[in-house]
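Okay, so here's the structure we're looking at.
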Amino acid sequence: MISYNEACQIVFSAKKFGICLGLERMTLLLEELGNPEKQIPTIHLAGTNGKGSTLTYIASILQEAGYNVGTYTSPALHKLNDKIKYNGEEISDDDFANIIAQLQPIIEKISQTSYGPPTEFEILTAAAFQYFATMKRPDIAIIETGLGGRLDSTNVVTPLVSIITNIGHDHQDLLGNTIREVAIEKAGIIKNHVPVVSGCKQLEAIEVMKQCSQERSASFYQLGVNFNCEHDHETFSYHWENCHLINLKAGMLGKHQQENATLAIIALQILPNFSISETAIRNGLAKAKIANRIEVIQHDPTLILDGGHNPEGMSALTETLKASYPNKKIYVLFCAMKDKDINAMLQPLKEVATDIIFTSFPFERVMDPQQVYKASSLPNSRVIENVSEAYNFIEQKLSPDDIFVITGSLYFLDYVRTCLEKIELSRHKVTN
């Protein structure tokens with residue numbers, strides 16, 4: 001048995017091998033484990049935006065229906081354990097260490113082959129499959145791709161349903177420069193005779209999904225064609241064939257979240273061998289929450305955290321702000337990673353932001369806020385590099401009716417959340 005810290009060190013030591021797309025080494029790793037990925041039913045998700053939210057809706061509904069649910073998500077933000085969960089609870093430190101100890105001799109063995117050492121993501125993916133297959137045995141595991149789809153390490157499963165959420169521009173250095181190229185990579189998760197749910201918006205992406213589904217004899221369900229989501233501000237309706245559910249309420253803000261919820265409903269309705277009641281759907285949708293997805297954590301003034309880490313995410317945030325907070329002053333604190341299209345990300349915010357502050361935090365991939373400022377040419381913007389000073393600067397300007405949005409990288413949001421918890425704890429000690 002190894003300690004949790006030793007297990008983390010084994011995983012972190014694989015970081016130096018970076019991202020290495022391909023399935024050969026992953027397949028070998030799982031074969032050495034006895035193919036745990038084949039021992040549990042799965043749902044597989046890919047897409048640029050909406051994967052995590054759609055997964056959360058599905059898991060919440062299934063749990064409301066009485067099923068035990070495993071989830072594997074990306075990225076790990078606070079600690080390695082937060083990627084792997086059973087009924088919403090992170091894998092324990094002891095269980096994680098136990099699984100990594102099982103993997104350690106296999107990692108060493110594969111490292112000596114021509115395939116080379118497994119990457120960090122491959123190790124964590126194998127750990128998730130092994131945990132679900134040997135320790136918890138959920139009724140179903142919901143697996144989110146890390147990057148792309150076709151060559152992603154999770155693409156070793158043959159799921160009961162494949163879901164491809166909205167396609168956008170992200171990781172273009174690895175996935176391609178056009179929507180069609182990105183869509184082809186995402187469509188790589190489509191398997192023979194496995195039904196496909198698509199939330200794609202662009203015609204070229206939809207055509208790719210349809211074609212790949214036809215080639216693999218997979219039933220294809222397209223949002224806005226085969227099933228529909230009708231928005232009514234705080235509620236929405238779902239329509240598919242003879243099923244009509246009205247006055248549904250999603251646990252997360254925005255039209256895009258209502259559409260993600262719709263993807264979850266259709267996926268569960270076509271999922272074989274599972275019984276899901278309308279009550280479970282309604283309660284599961286309403287209870288579903290995920291941190292940093294247009295998350296309101298304070299009122300008067302309103303404080304919102306959102307990890308809009310690409311242009312499509314920023315557009316969704318902006319549309320939600322316009323719909324939910326018209327004629328309000330909106331102050332934005334922003335930080336992103338080096339590999340992002342900053343101009344495209346910030347363009348939507350021009351429509352709603354009263355002031356924008358560019359900041360930074362201790363992280364190796366963070367983009368210099370001065371570079372962001374020069375590239376953006378946004379009016380009413382400035383740089384305050386220290387995130388605490390930037391937060392305090394905006395906070396002092398706020399009136400109870402204003403909106404304060406902290407957005408950009410999910411890693412940035414996780415850092416800010418930790419800072420806010422410390423601030424709140426400090427204030428609580430002072431008042432007591």
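Since the model is a prediction, treat every value here as computed from it, not as a measurement.
E389 and N392 share no side-chain donor-acceptor pair at under 3.5 Å. Judged by distance alone, the side chains of N155 and K191 do bring a donor and an acceptor atom under 3.5 Å apart. Side-chain atoms of Q222 and S198 form a donor-acceptor pair, as typed in the model, at a separation below 3.5 Å. Side-chain polar atoms of S53 and Q257 form a donor-acceptor pair below 3.5 angstrom. Between the side chains of D152 and T154, a donor-acceptor pair is found at a separation under 3.5 Å.
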Pair N292-D306, side chain to side chain donor-acceptor pair (under 3.5 Å): steps then yes or no: CA-CA 4 Å; N292 304 330; D306 182 61; over 6 Å; no
Trace of the side-chain contact (heavy atoms from CB on, under 4.5 Å) decision for I100 with I123: CA-CA 8 Å; I100 297 302; I123 294 170; 4.0 Å; yes
Worked verdict on R417 versus L305 for side-chain contact (heavy atoms from CB on, under 4.5 Å): CA-CA 9 Å; R417 185 182 292 275; L305 303 183; 3.6 Å; yes
Residue pair H256, E319: steps toward the side-chain contact (heavy atoms from CB on, under 4.5 Å) verdict: CA-CA 9 Å; H256 63 296; E319 290 305 312; over 6 Å; no
Evaluation steps, side-chain contact (heavy atoms from CB on, under 4.5 Å), between T48 and N166: CA-CA 6 Å; T48 307; N166 196 23; over 6 Å; no
Candidate pair Q211 and E207, rule side chain to side chain donor-acceptor pair (under 3.5 Å), full reasoning: CA-CA 6 Å; Q211 181 179 344; E207 285 303 315; over 6 Å; no
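Considering CD1 of I357 and OH of Y373, their distance stands at 10.0 Å, rounded to 0.5 Å. Interatomic distance, CD of E230 versus OG1 of T262, reported as 10.0 Å (0.5 Å rounding). Between the CG atom in N35 and the CG atom in L29 there is a gap of 10.5 Å [rounded to 0.5 Å].
Under the side chain to side chain contact (heavy atoms under 4.5 Å, CB included) test applied with I394, the options V332, I406, L333 reduce to a single match, L333. Of the options N260, L253, L410, L413, a side chain to side chain contact (heavy atoms under 4.5 Å, CB included) to R293 is made by L410 and by none of the others.
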Mind listing the side-chain donor-acceptor pairs of residues 139-151 below 3.5 Å, one per line with the distance, residues two or more places apart or on another chain?
| unit_1 | atom_1 | unit_2 | atom_2 | d |
| --- | --- | --- | --- | --- |
| D139 | OD2 | N68 | N | 2.7 |
| T145 | OG1 | L45 | O | 3.3 |
| R150 | NE | E185 | OE1 | 3.3 |
| R150 | NE | E185 | OE2 | 3.3 |
| R150 | NH2 | E185 | OE2 | 3.1 |

Do any side-chain atoms of residues 234-252 form donor-acceptor pairs under 3.5 angstrom with protein atoms, and if so which ones, sequence neighbours left out?
| unit_1 | atom_1 | unit_2 | atom_2 | d |
| --- | --- | --- | --- | --- |
| Y238 | OH | Q269 | OE1 | 2.6 |
| H239 | ND1 | H244 | ND1 | 2.7 |

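Of the possible donor and acceptor atoms, none in the side chain of S409 sits under 3.5 Å from a partner among the backbone N and O of A336. Side chain of Q298 to backbone of P301: a donor-acceptor contact under 3.5 angstrom is found. Side-chain atoms of K186 do not come within 3.5 Å of backbone N or O of I184 as any donor-acceptor pair. In this structure a side-chain-to-backbone donor-acceptor pair under 3.5 Å is missing from R180 to E204. Side-chain atoms of R216 come within 3.5 Å of backbone N or O of I190 as a donor-acceptor pair. At least one donor-acceptor pair closer than 3.5 Å links the side chain of T359 to the backbone N or O of E385. In terms of modelled atom types and a separation under 3.5 Å, the side chain of S13 and the main chain of I10 share a donor-acceptor contact. The backbone N or O of H299 sits nowhere less than 3.5 Å from a side-chain atom of T302 that would complete a donor-acceptor pair. Using modelled atom types, no side-chain atom of E312 and backbone atom of N49 make a donor-acceptor pair closer than 3.5 Å.
When the ring-ring contact (aromatic ring centres under 6.0 Å, His included) test is applied to F220, no partner is found at least two apart in sequence or on another chain. Residues passing the ring-ring contact (aromatic ring centres under 6.0 Å, His included) test with F363 are F361, Y411, sequence neighbours excluded. Residues that satisfy the side chain to side chain donor-acceptor pair (under 3.5 Å) test with T125, not counting sequence neighbours, are Y72.
Between N81 and Y4, the closest side-chain pair of non-hydrogen atoms falls below 4.5 Å.
Legend: salt bridge (charged side-chain N to carboxylate O under 4.0 Å, His left out) pairs involving residues 68-93, not counting sequence neighbours, sorted by first then second residue: K79-D93.
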